[in-house]
Amino acid sequence: MSDLSALHDTILTWYAAQARDLPWRRSPEAWPWPEVDRPWAVLVSEVMLQQTPVVRVEPVWHEWMRRWPTPAALAAAAPGDAVREWGRLGYPRRALRLHAAATAIAQEHGGVIPANLEDLQALPGIGTYTAAAVGAFAFGIRSAVVDVNVRRVEARLVTGAEHPAPSLSAAETRLAEELLPAGDREAATWNVAVMELGALVCKAKTPQCERCPVLDACAWVLAGRPAHDGPRKRVQKWAGTDRQVRGKLLHVLRDASGPVPRSKLDVVWPDAAQRDRCLASLIEDGLVEPLARERFRLPA
DNA sequence: AACTCGTGGAC
DNA sequence: TGTCCAAGAGT
């Protein structure tokens, strides 16, 4: 197990047996929806999965693929439709950015998702992680996909720490690149396999070490599972924050079929100053469109 | 670089 | 309305 290729074999074998059957993971050969553009399906799934659990993403993803099977289809819709169909996935600016990305793909890339990391990352809402993920999973590009799961597996298995640092370091990316198998196809599968190991076994709060295929190689376990000493990512407050108020305002607008008078928004939060500030920020973000006579709606 | 941007489930 | 967490991005 000290050998890198043995580590590859062990985790890839575990993945082949234990991986969840998620729709956006279907291979091009096994893609069941001929009308749905597969790279687009992968891209949408990755944006939806940003900070959001799989179980909540899956039904929304299916509905998005039914309504908007290609970037051009979403680009032809109103941005407000994307926000409404986003439902309660959270961080609704992601829906707006997905719509903007679809527009950019339609107008600047001929409706074809660019198959290189630089052009992918230039799209709205696509950062380092998502560009690498789409590159690897949609196009087989050999690139390290470093999400929080990968970082946690690296921290425990290699570094011997219980948790990764609050933010991604260059050293972590370099380590992920060093661990990548040589072949393009193996590298792509390796990326998703390590992510899956972090999601199903090497969990943040309650690691399932008894189910871990690389337990005997884990630096953290071999060190006696020492408690975390460094700084952790701080947990954000929720109650009473602008994020809560924005969520309540947008909830009203999502559930309405047309324009909503201000009086319908006033009832969601007692603090008028905070309410007004949040409504203004939603308008500034492009998530809400103000109309005449104090009426509001999702953007047309 | 620290901060903001939703939401709901598991403890 | 407790704490922690979930395939981050943008500023």
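So you know, we letter chains A, B, ... as the sequences are listed, proteins then strands, and number each from 1. Atom set for the values below is all heavy atoms of this structure, side chains included, hydrogens, waters and symmetry mates excluded.
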| Distance between P atoms of C/dG10 and B/dG8 (Å, rounded) | 24 Å

| Side-chain N or O of A/R88 closer than 4.0 Å to phosphate OP1/OP2 of B/dG8 | yes

| query | Do the side chain of A/R243 and the base of B/dT7 come within less than 3.5 angstrom through a donor-acceptor pair of N or O atoms? | reply | no

| query | Expressed in whole Å, how much space separates the C1' atoms belonging to C/dC5 and B/dG6? | reply | 14 Å

| Quick one: which of C/dT1, C/dC4, B/dT7 gets closest to the side chain of A/A239? | C/dT1

| query | With respect to the side chain of A/Q51, which nucleotide from C/dA7, C/dG8, B/dT7 is positioned closest? | reply | C/dG8

| note | Closest of C/dA7, B/dT7, C/dG8 to the A/E196 side chain is C/dA7

| With sugar-phosphate meaning primed atoms plus P, OP1 and OP2, does A/Q236 contact a base, only sugar-phosphate, or nothing at under 4.0 Å between heavy atoms? | base

| query | Could one point to a donor on the side chain of A/T52 or the base of B/dG6 with an acceptor on the other under 3.5 Å away? | reply | yes

| note | Quick note, A/R93 side chain, CB onward, closest among C/dA7, B/dC5, B/dG6 is B/dC5

| What nucleotide among C/dA7, B/dT7, C/dA9 has an atom nearest to a side-chain atom of A/Q50? | C/dA9

| task | Check every atom of C/dC4, B/dC5, B/dG8 against the side chain of A/K205 and return the nucleotide holding the closest atom. | result | C/dC4

